2 protein chains.
Amino acid sequence: MQQESVIEIEEIATVLKLLGDKTRLTMVKLLDSHDCCVCEFVEMFKTSQPAISQHVRKLKDKGIVKESRRGQWIIYSLNKESEYYPFLKNVLKSLPDQGYRLDELEKQGLRISCCD
Amino acid sequence: MQQESVIEIEEIATVLKLLGDKTRLTMVKLLDSHDCCVCEFVEMFKTSQPAISQHVRKLKDKGIVKESRRGQWIIYSLNKESEYYPFLKNVLKSLPDQGYRLDELEKQGLRISCCD
DNA sequence: TATACATATAAGTGTATTATTATATAAGTA
DNA sequence: TACTTATATAATAATACACTTATATGTATA
């Protein structure tokens with residue numbers, strides 16, 4: 001059985017602060033089922049590309065997400081090696097599925113471009 | 001079996017933002033095992049009484065905690081009727097116990113005064 | 001009723017956060 | 001190499017946040 005190390009309450013508070021933003025929380029919930037690139041988030045959240053980049057950077061700085069380049073795109077995914085991952089999964093399971101957002105992109109033909 | 005209603009992701013984000021503060025998160029974790037009054041929090045967090053009052057008010061405004069007067073003291077407790085309570089419990093179970101903070105108060109004789 | 005104690009509220013201040021615009025970097029393609 | 005597309009970074013401005021100090025309210029008690 002895997003031993004889950006105890007995380008300080010202060011550390012958890014900083015993770016919760018990151019999740020306490022509608023955009024980032026939705027991003028993370030989406031990433032729990034599909035990897036996404038920045039351009040998809042931009043379409044989805046109807047906000048600017050720099051705004052999205054800054055959100056994902058915060059998540060990356062805390063080790064919650066990781067990136068991998070695929071050509072000109074950068075694909076973000078949940079970092080399953082993070083010490084926060086088990087905690088994160090536990091939070092995410094209470095959230096309503098956000099897959100419909102990807103479905104909407106698909107309908108507009110905005111998903112095929114980079115990620116499949 | 002009790003039906004848990006689905007809470008919008010935006011609502012959860014505002015709850016997480018409230019929890020994303022070290023002081024409030026610790027408060028809520030403590031309240032999960034013991035009711036507390038403001039004066040105890042003031043001693044514990046080594047901060048001003050108005051600062052504490054403002055934190056508990058935010059939690060109260062969102063329905064996460066409730067208050068009950070006992071003489072001149074106001075005792076705060078988790079609001080088990082809150083729609084967020086099941087979610088909250090789920091988050092709290094990942095946090096390290098904060099009971100030692102009450103033990104320390106006890107040692108200093110600062111606990112007996114109001115709550116028992 | 002005067003005073004003390006517990007808590008709340010108001011006003012002000014410094015800092016943090018999140019967006020925007022402009023620009024830089026990095027990869028793909030004609 | 002020039003141009004396009006995807007993303008990141010920098011600078012800045014508006015807003016939100018969490019304190020502080022001062023004051024108000026509400027209860028207990030001499």
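Just so it is clear, the structure is predicted and the values come from calculations on it, not from any experiment. All chains are named by letter (A, B, ...) in the order of the sequence lines, taking the proteins before the strands, and each is independently numbered beginning at 1. Hydrogens, waters and symmetry mates play no part in the numbers below; they use all other heavy atoms, side chains included.
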Who are the side-chain hydrogen bond (donor to acceptor under 3.5 Å, both in side chains) partners of [X], not counting sequence neighbours?
{"X": "B:Asp21", "answer": "none"}
{"X": "A:Thr47", "answer": "none"}
{"X": "A:Lys46", "answer": "none"}
{"X": "B:Asp97", "answer": "none"}

Salt bridge (Lys or Arg N to Asp or Glu O under 4.0 Å) filter on B:Lys17, not counting sequence neighbours, yields none
Please enumerate all residues that pass salt bridge (Lys or Arg N to Asp or Glu O under 4.0 Å) together with A:Lys22, with sequence neighbours excluded.
B:Glu10
Donor-acceptor contacts under 3.5 Å from residues 53-61 of chain B side chains, at least two apart:
residue: B:Ser53; atom: OG; partner: B:Gln49; partner atom: NE2; Å: 3.1
residue: B:His55; atom: ND1; partner: B:Arg24; partner atom: NH1; Å: 3.0
residue: B:Lys60; atom: NZ; partner: B:Glu67; partner atom: OE1; Å: 3.3

Strictly under 3.5 Å: I want the nitrogen or oxygen pairs between protein and nucleotides 25-30 of chain D, one per line.
none

Net bend of the helix from C:dT1-D:dA30 to C:dA30-D:dT1, end axes of five pairs each, nearest 10 degrees
10°
Excluding sequence neighbours, so at least two apart, what forms side chain to side chain contact (heavy atoms under 4.5 Å, CB included) with B:Glu81?
B:Lys66, B:Asn79
Give the rounded distance in Å between these two atoms: NZ of B:Lys60 and C1' of C:dA8.
9 Å
CD of B:Glu67 versus P of C:dT7: gap in Å, rounded?
11 Å
Base, sugar-phosphate or nothing for A:Phe41? Non-hydrogen atoms, less than 4.0 Å.
nothing
In residues 48-59 of chain A, which residues come under 4.0 Å of DNA chain D by heavy atom?
A:Gln49, A:Pro50, A:Ser53, A:Gln54, A:Arg57
Just to be sure I understand the geometry, which residues of residues 11-25 of chain A put a non-hydrogen atom under 4.0 Å away from DNA chain C?
A:Lys17, A:Asp21, A:Arg24
